[in-house]
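Below is one structure; the comments refer to it alone.
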Amino acid sequence: MRDITAIGEILIDLTQTGKNQQQVPVFAANPGGAPANVAVAAARLGCRTAFIGKVGNDGFGAYLRGVLEENGVDHAGLQVGESPTTMAIVSVDERGERSFRFIRGADCEMVPEDVDEVLAKDSKILHFGSVSLTQGIARSATIFTARAAHQAGVLVSYDPNYRPALWRTRRDALEWMTLPLSLVDVIKLSEEELPLLTGTEDLEEGSRVLEEKGIRLVMITLGSRGAFCRWQGACFTVPGVPTQVADTNGAGDTFLGAVLSRLCRRGDRPLEGLERPELEEILGFANRAAAVTCSRSGAIPAMPRLAELEGVQ
């Protein structure tokens with residue numbers, strides 16, 4: 001049995017790093033995609049992880065497969081589609097402001113037939129995000145897999161990562177991002193995403209709404225302030241870890257990967273018997289892991305390995 005299987009997008013973050021002597025923008029092709037990031041983060045922290053998704057039959061696709069392999073993530077579920085590998089292009093203007101443009105490709109082609117149900121069911125945790133809910137075919141594959149895992153008793157983790165540019169309207173986003181909530185046991189979202197899913201900015205009220213939908217563990221990331229949590233009807237906050245920030249890219253995925261990695265240590269039923277003191281330790285560990293990622297540039301390249309954190313557990 002694997003610890004964690006993640007399903008969804010894996011892509012190239014084509015990020016502007018500056019300009020050359022001729023003032024032509026220079027871009028770096030970084031590995032990205034939130035579910036893939038979570039799988040890598042957990043693998044670096046000692047978990048047996050796998051990834052299900054789709055890339056193009058191109059150099060970027062081969063590179064991303066290699067990134068998964070180098071980080072110990074089982075990529076048997078990574079399919080090759082007819083479209084090119086998906087890219088997110090991040091540009092930086094003269095004021096340092098970033099703008100995003102997504103060029104969707106192979107990740108949108110994933111269909112239920114591409115999914116190895118055995119791989120999804122033979123895991124302690126199945127994780128998915130909301131980017132793969134933006135397109136009809138990939139949406140069907142993602143919800144199909146989450147439902148199959150839920151029915152098999154697998155713990156289901158969800159990150160409703162809201163990217164306005166990928167949705168036709170905010171109303172569409174709300175409809176499809178809330179649809180799978182009844183299948184979810186663990187959710188991680190930012191405080192900016194909370195109002196979209198719950199209609200309120202209040203952390204206690206919003207987390208209560210999510211708990212009433214059957215979600216057992218609700219985590220809301222607060223940036224440098226740490227993480228808010230609702231567990232078994234009680235709310236508390238675990239403070240963040242001060243750090244010199246180089247790049248926040250991938251911090252949330254590192255946090256979630258770290259939480260899931262610690263939950264997997266608890267056995268085949270990761271939430272059973274979990275008490276608040278242990279959960280606070282888990283969230284503290286996740287905050288430390290996220291702080292390390294923030295202190296370095298990049299997402300996957302910046303993620304810590306277990307040996308880096310063992311002295312501060």
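Bear in mind that the values here come from a model prediction, so they are computed numbers and not experimental data. The chain is numbered in sequence order, starting from 1.
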- Message: Regarding Glu280 and Arg276, does a basic nitrogen lie under 4.0 Å from an acidic carboxylate oxygen?
- Response: yes
- side-chain contact (heavy atoms from CB on, under 4.5 Å) with Val209: which residues, sequence neighbours excluded? Thr198, Glu205, Lys213
- On a heavy-atom basis, the closest approach of Ala258 and Ala289 is CB-CB, 4.0 Å
- Going by distance alone, is a donor N or O of one side chain under 3.5 Å from an acceptor N or O of the other, for Arg163 and Thr134? no
- Message: Looking at every heavy atom in both Ala148 and Glu117, which two are closest together, and how far apart are they?
- Response: CB-OE1, 3.7 Å
- What distance separates Asn249 CG from Ser297 OG, expressed to the nearest 0.5 Å? 10.0 Å
- Message: For a 4.5 angstrom cut-off between non-hydrogen side-chain atoms, does Pro160 reach Leu197?
- Response: yes
- Task: Indicate yes or no: does Glu212 engage Arg208 in a salt bridge with an N to O separation below 4.0 Å.
- Result: yes
- Please report the shortest heavy-atom distance between Val73 and Ala43, naming the atom on each side. CG2-CB, 3.9 Å
- Task: Can you measure from CG (Asp172) to CG (Leu166) and round to the nearest 0.5 angstrom?
- Result: 12.5 Å
- Message: Are Phe144 and Tyr158 linked, directly or through intermediate hydrophobic residues, by side-chain heavy-atom contacts shorter than 4.5 Å (ILVMFWY only)?
- Response: no
- Task: Decide whether Val156 and Leu181 are clustered together by the hydrophobic rule: side chain heavy atoms of Ile, Leu, Val, Met, Phe, Trp, Tyr closer than 4.5 Å, transitively.
- Result: yes
- Task: Grab the two heavy atoms, one from Gly257 and one from Ala42, that are nearest each other, plus how far apart they are.
- Result: O-CB, 3.7 Å
- Item | Within one Ile-Leu-Val-Met-Phe-Trp-Tyr cluster: Leu222 and Leu210, side-chain cutoff 4.5 Å | yes
- Message: On a heavy-atom basis, which atom in His127 and which in Ser157 lie closest, and how many Å separate them?
- Response: ND1-OG, 2.9 Å
- Query: From Thr49 OG1 over to Lys124 NZ, what is the distance, rounded to the nearest 0.5 angstrom?
  - Reply: 12.5 Å
- Item | Arg288 with Glu308: basic N within carboxylate O range, under 4.0 Å | no
- Query: Yes or no on side chain to side chain contact (heavy atoms under 4.5 Å, CB included) for Arg139 and Leu133, after CA distance, side-chain angles and deciding distance?
  - Reply: CA-CA 4 Å; Arg139 176 189 301 154; Leu133 302 179; 4.2 Å; yes
- Quick one: pull up CG in Leu14 and CZ in Arg101 and give me the separation to the nearest 0.5 Å. 12.5 Å
- Item | Salt bridge Asp185-Arg216, side-chain N to carboxylate O under 4.0 Å | no
- Which atoms form the tightest heavy-atom contact between Asp74 and Ala76, and what is the distance? OD1-N, 2.9 Å
- Item | Gap between atom CZ of Arg104 and atom OG of Ser83 - 0.5 Å precision | 11.0 Å
- Item | Other cluster members, Ile125 - Ile/Leu/Val/Met/Phe/Trp/Tyr, side-chain contacts below 4.5 Å | Ile4, Val38, Leu155, Val186, Leu217, Met219, Trp231, Phe236, Val238, Phe255, Leu256, Val259, Leu260, Leu263, Leu271, Leu274, Leu279, Ile282, Leu283
